[in-house]
Amino acid sequence: MTGLIDTVAWVRVEDGRILCARSRGKDAFYIPGGKREPGESDLQTLLREVEEELTVALDPATVSRAGVYEAQAHGHEDGVRVRMACYYGDYRGTLAASSEIEEVAWFSYADRDRVPPVDQLLFDDLRADGLLT
């Protein structure tokens, strides 16, 4: 099977750790975000998904591109790939798991094996840039 899952993700790094989330019933953590709705831009998807999942509002004026990553999709048949457009951005509110999110955690590079392959590529770049301990 082949296919591409198009996603947008929020990269939040504080004190050398990156914010990750785990959905109910899933084994892996991932960078918060999700799939776009028809007609949505990256920014619209990012704002909606972060608010749905983490109960905070991103400040659109602070959103900046962190990179785009692509890899085999976790939990899917071989050939199904995920493309993740990543963005930094400041937020207001209190971070809390909401909607389908069961747990949030702050990961260091040592936790790299707990996230899917596409997220691992981001972890590698953040570590190379000195942002992830």
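FYI, side chains are in, hydrogens and waters are out, and symmetry mates aren't considered; it's all heavy atoms of this structure. The model shown is predicted, which means the values in this text are computed figures rather than measured ones.
- Under a 4.5 Å side-chain heavy-atom criterion applied to ILVMFWY residues, the cluster that includes Leu4 comprises that residue alone.
- Distance check: Leu46 CG to Tyr87 OH gives 8.0 Å after rounding to the nearest 0.5 Å.
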Side-chain donor-acceptor contacts of residues 123-133 below 3.5 Å, not counting sequence neighbours, with atom names and distances?
unit_1	atom_1	unit_2	atom_2	d
Asp124	OD1	Tyr109	OH	2.7
Asp124	OD1	Arg112	NE	2.7
Asp124	OD2	Arg112	NH2	3.0
Asp125	OD2	Tyr69	OH	2.8
Thr133	OG1	Gly16	O	3.1

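- Listed for the Glu49 side chain is no donor-acceptor partner under 3.5 Å among the backbone atoms of Val8.
- Leu122 and Val82 fall within the same hydrophobic cluster, where Ile, Leu, Val, Met, Phe, Trp and Tyr residues are linked whenever their side-chain heavy atoms come under 4.5 Å apart, directly or through other members.
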Review item, side-chain donor-acceptor pairs of residues 28-38, under 3.5 Å, at least two apart:
unit_1	atom_1	unit_2	atom_2	d
Tyr30	OH	Ser23	OG	3.3
Tyr30	OH	Glu53	OE2	3.4
Arg36	NE	Asp6	OD2	2.8
Arg36	NH1	Glu40	O	3.4
Arg36	NH1	Asp42	OD1	2.8
Arg36	NH2	Asp6	OD2	3.0
Arg36	NH2	Asp42	OD1	2.7

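- With sequence neighbours left out, the side-chain contact (heavy atoms from CB on, under 4.5 Å) criterion links Ala96 to Thr55.
- Listed by first then second residue, pairs satisfying salt bridge (Lys or Arg N to Asp or Glu O under 4.0 Å) with a partner in residues 81-91 read Arg12-Asp90, Glu70-Arg81, Glu70-Arg83, not counting sequence neighbours.
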side-chain contact (heavy atoms from CB on, under 4.5 Å) between Gln72 and Asp78, worked out | CA-CA 7 Å; Gln72 168 66 36; Asp78 281 350; 4.3 Å; yes
Could you check Asp119 against Met84 for side-chain contact (heavy atoms from CB on, under 4.5 Å), going step by step and ending with a plain yes or no?
-> CA-CA 8 Å; Asp119 295 38; Met84 184 173 71; 3.8 Å; yes
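- Across every non-hydrogen atom of Ile5 and Ala73, the tightest pair is CD1-CB, 4.0 Å.
- Using a 4.5 Å heavy-atom threshold, the side chains of Leu95 and Trp106 count as touching.
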Would you be so kind as to tabulate the donor-acceptor pairs closer than 3.5 Å made by side chains of residues 97-104, with sequence neighbours excluded?
unit_1	atom_1	unit_2	atom_2	d
Ser98	OG	Glu52	O	3.4
Glu102	OE1	Arg22	NH1	3.4
Glu103	OE1	Arg22	NE	3.2
Glu103	OE1	Arg22	NH2	2.9

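- Cluster membership for Val118 and Val13, using ILVMFWY side-chain heavy atoms within less than 4.5 angstrom, is shared.
- Scanning all heavy atoms of the two residues, the minimum distance from Arg17 to Asp111 falls at NH1-OD2, 4.3 Å.
- For Val115 against Cys20, the heavy-atom pair with the smallest separation is CG1-SG, 4.2 Å.
- For Leu43, the side-chain contact (heavy atoms from CB on, under 4.5 Å) test picks out Ser41, Leu47, Pro60, Val63, with sequence neighbours left out.
- Listed by chain and residue number, Tyr88 satisfy the side-chain contact (heavy atoms from CB on, under 4.5 Å) test with Ser64 (two or more places apart in sequence, or in another chain).
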Going through the checks in order, is the side-chain contact (heavy atoms from CB on, under 4.5 Å) test met by Leu54 and Leu19?
-> CA-CA 11 Å; Leu54 301 170; Leu19 180 66; 3.8 Å; yes
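- Listed by first and then second residue, the ring pair (Phe, Tyr, Trp, His ring centres under 6.0 Å) pairs involving residues 5-27 are Trp10-Tyr91 (not counting sequence neighbours).
- For Arg114, there are no side-chain hydrogen bond (donor to acceptor under 3.5 Å, both in side chains) partners, not counting sequence neighbours.
- Note that SG of Cys86 and CG of Leu121 are 9.5 Å apart. Values are rounded to the nearest 0.5 Å.
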